[in-house]
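Heads up: the structure comes next, in structure tokens.
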Amino acid sequence: QVQLVESGGGSVPAGGSLRLSCAASGYTDSSGYCMAWFRQAPGKERQGVAGITYRGTTSYADSVKGRFTISKDNAKNTLYLQMNSLKPEDTAMYYCAAGRYSWLRGGYCSLSFPAYWGQGTQVTVSS
């Protein structure tokens, strides 16, 4: 049974930093698979933030390029999102997801069924 558990969210002032983690259990990263971060703010659609393939190819949404960095530690089976220079518009629930994918573009990883999702971690950035 695959389980993804996010942590690291919190409340920070604008310009601050946070590092999100996503610990994966029962999941084996391999060729053809993507791990990604999505976010959803109240009243808005879910947005792809960043994704990384098994081979390490990364992609970011334009709104976070240069500020966020996605990475993974295969030995720990953990996905990370380093978020710097945070803005109030980054406020959202952040979700980790993983699975086979069709394409990775603009920070959006198009996951195929079955896709695995975490429960989310809240990030709040105050102005």
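Just so we're clear, the structure is a prediction, and the values are computed from it rather than from any experiment. Worth knowing before you read on, the calculation uses all heavy atoms, side chains too, and leaves out hydrogens, waters and symmetry mates. If you read the sequence from its start, that first residue is 1, and numbering goes on from there.
Here the rule is side chain to side chain contact (heavy atoms under 4.5 Å, CB included) with Val64, and of Arg39, Met83, Lys87 only Arg39 fits it.
Val2 and Tyr33 fall within a single hydrophobic cluster, where Ile, Leu, Val, Met, Phe, Trp and Tyr are joined by side-chain heavy atoms under 4.5 Å apart, directly or via other members. No continuous path of ILVMFWY side-chain contacts below 4.5 Å connects Tyr116 to Met93, so the two sit in separate hydrophobic clusters. Tyr80 is not connected to Val123 by any chain of hydrophobic side-chain contacts under 4.5 Å among Ile, Leu, Val, Met, Phe, Trp and Tyr, and they are in different clusters. In the hydrophobic cluster analysis, where Ile, Leu, Val, Met, Phe, Trp and Tyr join through side-chain heavy atoms closer than 4.5 angstrom, Val49 is grouped apart from Leu104.
Residues Leu4 and Gln119 form no side-chain contact, since every pair of their non-hydrogen atoms from C-beta on lies 4.5 Å or further apart. The closest side-chain heavy-atom distance from Thr69 to Leu81 is not below 4.5 Å. When side chains are defined from C-beta on, Ser112 counts as touching Ser102, because their heavy atoms get closer than 4.5 Å. Using a 4.5 Å heavy-atom threshold, the side chains of Phe68 and Asp90 count as touching.
The structure places SG of Cys96 at 5.0 Å from CH2 of Trp37, a figure rounded to the nearest 0.5 Å. The CE atom of Met35 sits 6.0 Å away from atom CG of Asp29, with the distance rounded to the nearest 0.5 Å. Rounding to the nearest 0.5 Å gives a distance of 8.5 Å between CG of Leu79 and OG of Ser21. With rounding to the nearest 0.5 angstrom, the CZ atom of Arg100 is 13.5 Å from the OG atom of Ser110. With rounding to the nearest 0.5 Å, the separation of CD in Glu6 from OH in Tyr95 is 8.5 Å. Summarising the geometry, atom SG belonging to Cys22 is positioned 15.0 Å from atom OH belonging to Tyr94; distances are rounded to the nearest 0.5 Å.
Thr78 places a side-chain N or O within 3.5 Å of a backbone atom of Lys76 that can act as its donor or acceptor partner. Between the side chain of Thr124 and the backbone N or O of Ser11 there is no donor-acceptor pair closer than 3.5 Å. Under a 3.5 Å cut-off, the side chain of Asn77 and the backbone N or O of Tyr27 do form a donor-acceptor pair. Distance alone, capped at 3.5 Å, is enough to place a donor-acceptor pair between the Tyr60 side chain and the Ile70 backbone.
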Identify each donor-acceptor pair in which a side-chain atom of residues 50-57 lies under 3.5 Å from a protein atom, sequence neighbours left out, and give them as a table.
{"from": "Thr53", "atom 1": "OG1", "to": "Arg55", "atom 2": "N", "distance (Å)": "3.4"}
{"from": "Thr53", "atom 1": "OG1", "to": "Gly56", "atom 2": "N", "distance (Å)": "3.4"}
{"from": "Thr53", "atom 1": "OG1", "to": "Thr57", "atom 2": "N", "distance (Å)": "3.1"}

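The two atoms that bring Leu111 and Ala97 nearest to each other are CD1-CB, 3.6 Å, heavy atoms only. Ser127 and Ala14 get closest at one heavy-atom pair: CA-CB, 4.4 Å. In plain terms, the two heavy atoms of Val12 and Ser17 that are nearest each other are CG1-O, 4.0 Å.
In this structure Asp62 satisfies the salt bridge (Lys or Arg N to Asp or Glu O under 4.0 Å) test together with Lys65, sequence neighbours excluded.
Ring pair Trp117/Phe38 is tilted by interplanar angle, where 30° to 60° counts as tilted.
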